[in-house]
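Accompanying notes for the structure given below.
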Amino acid sequence: MSSKEKGNLTTWEAACIITGYGIGSGVMSMPWLAQKCGFPLSVLILVVSFVASYVLHVMIADLALKSDGGQIITCLTKFLFRGKLKNVLSITFFVLMGIILCTNLGAYIYASEEIIVGLVPMPALLARVLFYAVCAVVVLFGLKAVGISEKYAVGAIFVLIAGLAVASVFAEHHAIPLACESLNSVLAYFGMAMFAMSAFFSVPQAVEGLKGDVPRIRKAVFLGLLNNFVLILVISVCALLASTEITEVAMVGWSEGIGDWARIIGGLFTILAMLTTYWSLSLALADIVKDMLHIGDRLSWFVATIPSFALVMFNLSGFMELMRTAGGLIAIIIAVMIVPAYRNAKKSVPGSALRIDSLALDIAIIVAYVVMAIGSIVPV
């Protein structure tokens, strides 16, 4: 089998790479935010977030297709950056994204330590090394290996959440909050919902793995985001119904309502969520490095994964948290930049993976991501 054939993904594998990037332990904060926002309005916001995310992710897919499978920075360089500052902007964004993605990866390794040690008592250093090894080895074997791993991990996540959902049905039920507390609650819920369905950098991997098949790419984006939508909705409904108290980390109050064993399930869910995110994120970073520096697969893997491990070994947790915040802001900036890049691309290369061509829709997407930025910083 040729290396090209090995890179082929099924539609479901491509969808799970997108799901894996977006799903994270932050999903466990959604019930607490839903309580503040009121459940009916939360569901409406979740639907709006899903639609806005789908539109933007298909735009990214279209850019990747029109730049011959390029990563996001390559797409922006080709279709947005202009004039004398073109190369400066391209290099600046590459450096920023490299630093931010590396520190994000380091933060996942660091955060996994406490959960792993809680589940299986072992030295903290060994927990970090094991998590990194499982993550990095999968990425070393490339796109197909990541697609298969994501498929099984996402499947396991659904099984775990289904178990918690069944237990919630038989637990003592509590009234679901209906009233919205404040505008800040609405903005905060919208911001988190949009973050939970953001997988910008994984879309080019889906495009590559599906060999530019537009109908399958659209389907993969839809299914990938739908997985996150369903997980958020099920976790929110069950936690609101069964929790003795809605806590900021849903698993704390939820487990009190259905049994302490649920903490173990919650820990396993969190580890799997971190694994899937690390796989998707590091694969995206490796492809960005390869795209920008024109180096081989092994060296790009090394650049994408080793620095994150080194950061953890130096225990730079404060720096990593700062960079994660910066990463969220940069991601929003890139999201807003995608829309004009997409419009320029349509002028340069006729046709679009997005069936709707509307200036009003483009403006609405920009507004959605600006509101997402506001929602990420407002006090609740």
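Start at 1 with the first residue, then count along the sequence.
Residue-environment remark: CD (Glu114) stays at or below the threshold of 12 foreign heavy atoms within 6.0 Å. Heavy-atom neighbours of Lys346 NZ from other residues, nucleotides or ligands within 6.0 Å: above the threshold of 12. Counting heavy atoms of neighbouring residues, nucleotides and ligands inside a 6.0 Å radius, atom CZ of Phe158 exceeds 12 of them.
Between Gln35 and Glu181, the side chains place no donor N or O within less than 3.5 Å of an acceptor N or O (distance only, hydrogens not considered). For Tyr132 and Ser112, the side-chain atoms include no donor-acceptor pair closer than 3.5 Å. Tyr189 and Ser49 share no side-chain donor-acceptor pair at under 3.5 Å. Between the side chains of Trp254 and Ser168, at least one donor N or O lies within less than 3.5 Å of an accepting N or O. Side chains of Glu248 and Ser29: a donor-acceptor N/O pair is absent below 3.5 angstrom, by distance only. Asp291 and Thr74 form a side-chain donor-acceptor contact under 3.5 Å, judged by distance and modelled atom types alone.
When side chains are defined from C-beta on, Met337 counts as touching Phe93, because their heavy atoms get closer than 4.5 Å. The closest side-chain heavy-atom distance from Trp279 to Val134 is below 4.5 Å. Side-chain contact between Leu63 and Lys78 is absent, with no heavy-atom pair separated by less than 4.5 Å. Contact check for Glu13 versus Ile148: side-chain heavy atoms found under the 4.5 Å cut-off. Residues Glu172 and Thr244 are not in side-chain contact: their nearest non-hydrogen atoms beyond the backbone lie 4.5 Å or more apart. Residues Ile116 and Arg128 have side chains not in contact (no heavy-atom distance under 4.5 Å, counting atoms from C-beta outward).
A continuous path of ILVMFWY side-chain contacts below 4.5 Å connects Leu268 to Trp261, so both sit in one hydrophobic cluster. A chain of hydrophobic side-chain contacts below 4.5 Å, direct or via other Ile, Leu, Val, Met, Phe, Trp or Tyr residues, connects Val371 to Val47. Cluster membership for Ile374 and Met197, using ILVMFWY side-chain heavy atoms within less than 4.5 angstrom, is shared. Side-chain heavy atoms closer than 4.5 Å link hydrophobic residues (I, L, V, M, F, W, Y) into clusters, and following such links, even through other members, never connects Val137 to Tyr108. Ile176 and Val169 fall into different hydrophobic clusters, where Ile, Leu, Val, Met, Phe, Trp and Tyr side chains are chained together by heavy-atom contacts under 4.5 Å.
With rounding to the nearest 0.5 Å, the separation of OG in Ser53 from CG in Leu225 is 6.0 Å. In this structure, CD1 on Ile265 lies 11.0 Å from OG1 on Thr270, to the nearest 0.5 angstrom. Rounding to the nearest 0.5 angstrom, the gap separating the CD1 atom in Ile288 from the CD1 atom in Ile73 is 5.0 Å. In this structure, the separation between CG on Leu275 and CD1 on Ile157 is 8.5 Å, given to the nearest 0.5 Å.
Of the residues Asp287, Leu285, Leu293, Ile295, the one that meets the side chain to side chain contact (heavy atoms under 4.5 Å, CB included) test with Ser300 is Ile295.
A tilted orientation is assigned to the rings of His57 and Phe200, their planes being inclined by 30° to 60°.
In this structure, Phe309 has its ring center no closer than 6.0 Å to that of Phe131.
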Margin query: Using side-chain hydrogen bond (donor to acceptor under 3.5 Å, both in side chains), reason through Thr19 and Glu150 one step at a time and then give a plain yes or no.
Written below: CA-CA 8 Å; Thr19 299; Glu150 295 278 14; over 6 Å; no
